[in-house]
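Report on the structure given below.
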Amino acid sequence: MWPYPKILAHRGGGKLAPENTLAGFRIGLEHGFRAAEFDVMLARDGVPVVLHDPHLGRTVNGSGSVFDYDAAELQSLDAGSWFGAAYAGVTVPSYEEVLRFCQQHGIWMNVELKPAPGFETDTGRVVAEYTARHFRAGDKLLPEFSSFEPAALDGARAVAPWIPRGRLFDRLPADWLEQARAQDVIAIHCNHRYLTPALAVAVKQAGYGLFCYTVNDPRRARTLLRWGVDAFCTDRIDRIGPDFAD
């Protein structure tokens with residue numbers, strides 16, 4: 001079952017804006033996207049921030065680990081200059097800021113939990129606590145948590161079992177079904193490069209939603225949809241629009 005949007009803007013605005021920033025979410029919105037995938041991890045002080053890399057330097061100026069900084073320190077760092085001069089001064093957003101922005105604009109959220117080693121359960125728990133302050137069971141735009149880390153999903157489930165969860169894989173392992181059942185997820189998320197028609201059928205026949213990352217070629221996107229893939233995220237929001245699957 002997949003009752004959610006089919007095409008998601010990867011990390012807010014795909015390749016058209018600095019990833020995982022409010023500027024990126026605004027670009028996605030300008031292109032008609034009311035669904036986004038993004039990444040959340042905990043800063044040193046336990047406050048969730050929206051970032052993909054565990055180390056600074058690629059998209060955020062600075063050095064060292066994200067987990068060496070408090071959230072306020074991270075939010076003072078430049079997260080836009082790497083993309084272009086027009087985005088100089090764009091900063092790392094808190095998860096709270098992104099939650100509010102997405103709720104305000106009716107954007108459905110696939111929230112990937114990206115914990116630091118040793119903080120898997122805490123990351124799921126804290127992100128679920130923040131999310132549960134904004135949503136109630138049965139809400140129309142109830143987000144979905146996804147993660148490669150089972151303990152992160154377990155931490156989220158312990159706090160807010162009514163928020164759906166998806167299990168992330170690169171390649172689907174032989175025991176993907178056992179893992180999905182053990183974690184009570186609603187969907188399987190996987191790298192589209194390693195998906196086959198037979199695996200797609202198996203996931204769907206088992207009753208799970210099937211989500212792929214990150215699909216940037218329209219021809220590949222059409223193939224995946226023919227195989228029964230329910231949804232995917234894309235960096236190329238300029239080539240694959242929010243209504244692509246309709």
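- In this structure, Leu113 and Gly124 approach most closely via the heavy-atom pair CD1-CA, 4.0 Å.
- At a cut-off of 3.5 Å, with distance as the only test, no side-chain donor of Asn61 or Asp78 sits close to an acceptor on the other residue.
- Proximity of Val229 to Phe211: side-chain heavy atoms (C-beta onward) are nowhere separated by under 4.5 Å.
- Using a 4.0 Å cut-off between charged side-chain N and carboxylate O, Asp68 and Arg44 make no salt bridge.
- Side-chain atoms of Thr234 come within 3.5 Å of backbone N or O of Val215 as a donor-acceptor pair.
- The side-chain heavy atoms of Thr59 and His52, taken from C-beta on, include no pair separated by under 4.5 Å.
- Of all the heavy atoms in Gln75 and Pro93, the pair that sits closest is NE2-C, 4.3 Å.
- Glu149 meets the side chain to side chain donor-acceptor pair (under 3.5 Å) test with no other residue; sequence neighbours excluded.
- Put simply, Leu224 and Leu172 are part of the same group of oily side chains (I, L, V, M, F, W, Y) that touch within less than 4.5 Å, one to the next.
- In this model, a donor atom of one side chain and an acceptor atom of the other lie less than 3.5 Å apart for Thr131 and Tyr95.
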_side chain to side chain contact (heavy atoms under 4.5 Å, CB included) evaluation trace for Val92 with Leu51_ = CA-CA 7 Å; Val92 175; Leu51 272 170; 3.8 Å; yes
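- Under a 4.0 Å N-O distance rule, the pair Glu30/Arg26 does not qualify as a salt bridge.
- Note: the hydrophobic cluster containing Tyr69 does not contain Val90 (ILVMFWY, side chain heavy atoms under 4.5 Å, direct or indirect links).
- By the 4.0 Å N-to-carboxylate-O rule, Lys204 lies close enough to Asp230 to be salt-bridged with it.
- Counting non-hydrogen atoms of other residues, nucleotides and ligands closer than 6.0 Å to CZ of Arg239 gives a total above 12.
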*Any chance you could lay out the side chain to side chain contact (heavy atoms under 4.5 Å, CB included) test for Leu77 and Leu56, step after step, and finish with the verdict?*
CA-CA 10 Å; Leu77 299 178; Leu56 304 181; 3.7 Å; yes
*Step by step, work out the side chain to side chain contact (heavy atoms under 4.5 Å, CB included) result for Phe148 and Glu112.*
CA-CA 9 Å; Phe148 288 99; Glu112 182 178 344; 3.6 Å; yes
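- Counting only distance, with no hydrogens or angles, the side chain of Asn216 and the backbone of Asp235 share a donor-acceptor pair below 3.5 Å.
- The pair Glu120-Lys114 does not count as a salt bridge, with every side-chain nitrogen at least 4.0 angstrom from each carboxylate oxygen.
- Shown here for Tyr208 and Val185, the closest heavy-atom pair between the two residues is CE2-O, 3.2 Å.
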*Checking side chain to side chain contact (heavy atoms under 4.5 Å, CB included) for the pair Phe135/Leu99: CA distance, chi angles, key distance, verdict?*
CA-CA 10 Å; Phe135 293 91; Leu99 271 172; 4.0 Å; yes
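- For the pair Phe244/Arg222, a side-chain contact is recorded, criterion being any heavy-atom separation below 4.5 Å from C-beta on.
- Contact check for Thr21 versus Thr91: no side-chain heavy atoms found under the 4.5 Å cut-off.
- Between Ile27 and Phe33 the shortest side-chain heavy-atom distance does not fall below 4.5 Å.
- Clustering ILVMFWY residues whenever any of their side-chain heavy atoms sit less than 4.5 angstrom apart, transitively, puts Val50 in a cluster other than the one holding Phe67.
- Without hydrogens or angle criteria, Gln179 side chain to Trp176 main chain gives no donor-acceptor distance under 3.5 Å.
- Counting only heavy atoms from C-beta outward, the side chains of Leu42 and Pro48 approach each other to under 4.5 Å.
- Summarising the geometry of Leu153 relative to Arg165, their closest heavy-atom pair is O-CD, 3.5 Å, with the distance given to 0.1 Å.
- A donor-acceptor contact shorter than 3.5 Å is absent between the side chain of Gln205 and the backbone of Ala202.
- Side-chain N or O atoms of Thr223 include one that pairs as donor or acceptor with a backbone N or O of Arg219 at under 3.5 Å.
- Across every non-hydrogen atom of Leu8 and Glu37, the tightest pair is CD2-N, 4.1 Å.
- The distance between the ring centers of Phe25 and Phe38 falls below 6.0 angstrom.
- Residues Pro5 and Ala231 come closest through the heavy atom pair O-CB, 3.6 Å.
- Summarising the hydrophobic clusters (Ile, Leu, Val, Met, Phe, Trp, Tyr; side-chain heavy atoms under 4.5 Å, direct or chained), the residues clustered with Val159 are none.
- Remark: the Gln103 side chain and the His134 side chain contain an N/O donor-acceptor pair separated by less than 3.5 Å.
- By the 4.0 Å N-to-carboxylate-O rule, Arg136 lies too far from Asp139 to be salt-bridged with it.
- Val49 is connected to Val60 through a chain of hydrophobic side-chain contacts under 4.5 Å among Ile, Leu, Val, Met, Phe, Trp and Tyr, so both are in one cluster.
- Arg220 and His192 share a side-chain donor-acceptor pair at under 3.5 Å.
- For Trp2 (side chain) and Leu210 (main-chain N/O), no donor-acceptor pair under 3.5 Å exists by modelled atom type.
- In this structure, Arg133 satisfies the cation-pi test against Tyr130, with its NZ or CZ atom closer than 6.0 Å to the six-membered ring centre and inside 45 degrees of the ring normal.
- Under a 3.5 Å cut-off, the side chain of Asn191 and the backbone N or O of Arg193 do form a donor-acceptor pair.
- Judged by distance alone, the side chain of Glu144 and the main-chain N or O of Ile163 form no donor-acceptor pair under 3.5 Å.
- Looking at Phe145 and Pro164, their side chains never come closer than 4.5 Å, going by heavy atoms from C-beta outward.
- With hydrogens and angles left out, the side-chain atoms of Arg34 and His105 include no donor and acceptor closer than 3.5 Å.
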